[in-house]
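The chains referred to below are lettered A, B, ... by the order of the sequence lines, with proteins before strands, and numbering in each begins at 1.
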2 protein chains.
Amino acid sequence: MRILVVDDEEKIRHVIREYAEFEGYEVKEAKDGMEAISKCKEEDYDIIIMDIMMPKLDGFSAIKEIRKTKNIPVLMLSARGEEYDKLFGFEIGIDDYVVKPFSPKEVMARINAILTRVVKKEDEKSTEGKYIYQGLELDMLGRNVYVDGKKKDLTPKEFELLQYLIVNKNIALSREKILNEVWGYDFFGEDRTVDTHVKMLRNSIGKYRDNIITVRGMGYKFEE
Amino acid sequence: MRILVVDDEEKIRHVIREYAEFEGYEVKEAKDGMEAISKCKEEDYDIIIMDIMMPKLDGFSAIKEIRKTKNIPVLMLSARGEEYDKLFGFEIGIDDYVVKPFSPKEVMARINAILTRVVKKEDEKSTEGKYIYQGLELDMLGRNVYVDGKKKDLTPKEFELLQYLIVNKNIALSREKILNEVWGYDFFGEDRTVDTHVKMLRNSIGKYRDNIITVRGMGYKFEE
DNA sequence: CATAGTTCTCACTAAATTATCACAATGTTA
DNA sequence: TAACATTGTGATAATTTAGTGAGAACTATG
């Protein structure tokens with residue numbers, strides 16, 4: 001398990017590193033939001049521990065940016081008395097927060113709690129059933145799609161593509177990644193094949209066509 | 001959906017409130033067992049989140065009292081180090097518990113899990129070995145199938161296939177899965193064998209043939 | 001061991017799906 | 001604005017898939 005610790009105070013990064021490494025985690029550090037973003041582009045982490053107040057780029061903005069491409073769990077560190085920050089944190093979906101000064105043991109306990117939950121969730125994913133957004137309903141088990149209560153017959157690829165976009169909603173996905181995940185690693189066709197299927201999928205889901213956003217120079221994403 | 005949060009720490013009540021309200025729940029608070037009991041007398045809640053250690057009246061005693069008149073699901077909060085063996089031994093039937101310090105997202109995940117479970121339970125009605133859909137009757141014990149009151153002689157495989165499809169109705173089943181479950185894991189024949197049996201089964205069940213839906217690129221499902 | 005019933009494979013057909021291409025439309029940059 | 005790059009889309013050919021009939025292989029039973 002890999003952890004990214006983001007804080008401008010060297011002392012804090014150090015303390016968390018000590019404890020986390022003791023529990024067998026691999027730890028990397030960043031000292032501000034900008035650095036965190038670039039580290040996340042380089043490699044994947046299982047969880048990010050991030051301070052809010054930092055030079056260059058604050059924690060919230062960094063998370064917002066990172067979440068555009070990756071859905072990594074986040075534990076926020078906030079200074080005492082910053083209640084409004086918490087509120088904002090809920091909206092961008094942080095997983096937990098700890099108020100400074102904290103006990104390292106408590107931080108580790110929370111990290112462990114988050115990671116067990118995430119692991120469990122991924123187990124359940126395969127059997128998980130339904131996604132509903134306004135009048136768009138995706139029944140993964142029954143392989144049905146309803147638009148405003150009306151059943152739509154999607155082709156297999158259309159269904160799988162929609163499912164993949166929705167499972168990774170709000171995340172920009174490159175054509176390459178989509179091909180790998182939906183078509184499989186053994187597909188060696190054109191990138192643009194994705195475009196054609198997006199076109200057909202858009203036609204199939206009526207007014208929700210606009211929720212499939214084109215991310216220029218990259219690929220597509222489903223946006224709630 | 002209405003939630004009652006019972007804890008003597010204002011901070012904890014507040015955190016849960018923020019997350020729960022963000023997810024659309026209506027939240028009320030109580031700061032000890034006595035207050036919880038009186039709140040429950042006033043109005044109904046869909047779930048109670050309750051700490052164990054509280055002044056005036058502890059969580060267990062409060063639940064015991066509330067359960068005398070109402071059967072509300074309960075999520076318990078317990079501090080680390082408290083003997084939660086007690087929870088298991090306890091006869092009052094707690095639905096879940098979370099150890100402090102917890103991640104708010106974890107608590108929400110558990111709340112959601114409990115509530116969906118409760119909703120599902122209410123939907124379920126035991127079928128007792130018999131499945132009836134309109135004029136289609138499947139008697140699992142007697143291994144008989146009736147179509148509009150008329151007995152149909154299915155071959156063993158036809159019966160087992162129909163039974164499997166019906167037990168998993170509204171779920172799209174791959175040919176592979178069907179083979180594994182109906183034929184057994186030691187069958188190494190063709191995928192398409194399933195097709196042939198579906199063909200025969202369809203012919204055997206008259207007008208209900210259309211309830212066996214072909215899921216293109218995947219397999220089949222029985223749809224009510 | 002003969003027979004009827006059942007199960008499985010195969011080959012063929014019809015139909016649906018998919019991938020690619022060419023060109024149009026749109027966005028971006030110098 | 002012109003030149004360029006990227007995405008949208010219609011048409012179409014190639015591929016894949018499911019339905020089915022015929023018959024071989026298998027099984028149980030007397």
Q: Side chain of A:R192, heavy atoms from C-beta onward: which of D:dT20, D:dT9, C:dT7 has the nearest atom to it?
A: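 Nucleotide nearest to A:R192's side chain: D:dT9.
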Q: Let me know the distance between NZ of B:K157 and C1' of D:dT27, rounded to the nearest Å.
A: 11 Å
Q: Where the side chain of B:T155 is defined as all heavy atoms beyond and including C-beta, which of D:dT9, C:dT20, C:dT6 is the nearest nucleotide?
A: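 My answer, after comparing the listed nucleotides, is C:dT6.
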Q: When the distance from CZ of A:F159 to P of C:dT18 is rounded to whole Å, what number comes out?
A: 13 Å
Q: Are A:T196 and C:dT20 close enough that a side-chain N or O sits under 4.0 Å from OP1 or OP2?
A: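 Answer is no, no contact under 4.0 Å.
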Q: Is any N or O donor-acceptor pair between the side chain of B:R202 and the base of D:dG19 shorter than 3.5 Å?
A: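 No, no donor-acceptor pair under 3.5 Å.
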Q: With a cut-off of less than 4.0 Å, is there a side-chain N or O of A:Y220 near OP1 or OP2 of D:dT6?
A: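 No, A:Y220 has no side-chain N/O under 4.0 Å of OP1/OP2 on D:dT6.
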Q: What is the distance, to the nearest angstrom, from the CG atom on A:D195 to the P atom on C:dC21?
A: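 So the CG-P distance, A:D195 to C:dC21, works out to 14 Å.
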Q: Is a salt bridge present between B:D148 and B:K207, judged by a nitrogen-to-oxygen distance below 4.0 Å?
A: yes
Q: Any side-chain N or O of B:T193 under 4.0 Å from OP1/OP2 of C:dT9?
A: yes
Q: Could you tell me the separation between the CG atom of B:N203 and the C1' atom of C:dG5, rounded to a whole number of Å?
A: 17 Å
Q: Does a salt bridge link A:R2 with A:E43, judged by any charged N lying under 4.0 Å from a carboxylate O?
A: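 Between A:E43 and A:R2 there is a salt bridge, with a charged N closer than 4.0 Å to a carboxylate O.
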Q: D:dA18 P sits how many Å from B:I178 CD1, rounded?
A: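 B:I178 atom CD1 is separated from D:dA18 atom P by 11 Å.
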Q: Go through D:dA18, D:dG21, D:dT9 for me and flag the one nearest to the B:R216 side chain.
A: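 Nearest listed nucleotide: D:dA18.
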Q: Expressed in angstrom and rounded to an integer, what is the separation of A:M200 atom CE from D:dG10 atom P?
A: 12 Å
Q: I need the CZ-P distance between B:F187 and C:dT7, as an integer number of Å.
A: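 Going from B:F187 (CZ) to C:dT7 (P), I get 11 Å.
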Q: Between A:R17 and A:E29, is the closest basic N to carboxylate O distance under 4.0 Å?
A: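 Counted as a salt bridge, because a side-chain N and a carboxylate O are separated by less than 4.0 Å.
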Q: Distance check needed: C:dT17 C1' versus A:D153 CG, whole Å only.
A: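 My rounded result for the distance is 13 Å.
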Q: Is any NZ, NE, NH1 or NH2 atom of the basic residue among A:E106 and A:R110 found under 4.0 Å from an Asp or Glu carboxylate oxygen of the other?
A: yes
Q: Heavy-atom nearest nucleotide on DNA chain C for A:L154 versus A:K199: which residue maps closer to 5'?
A: A:L154
Q: Can you find a side chain N or O atom of A:R175 that sits less than 4.0 Å from OP1 or OP2 on D:dT7?
A: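 So the side chain of A:R175 is within the cut-off, an N or O lying under 4.0 Å from OP1 or OP2 of D:dT7.
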Q: So, OP1 or OP2 of C:dC8: does either fall under 4.0 Å of a side-chain N or O from B:W183?
A: yes
Q: Hey, does the side chain of A:N168 reach the backbone of A:I171 with a donor-acceptor pair shorter than 3.5 angstrom?
A: no
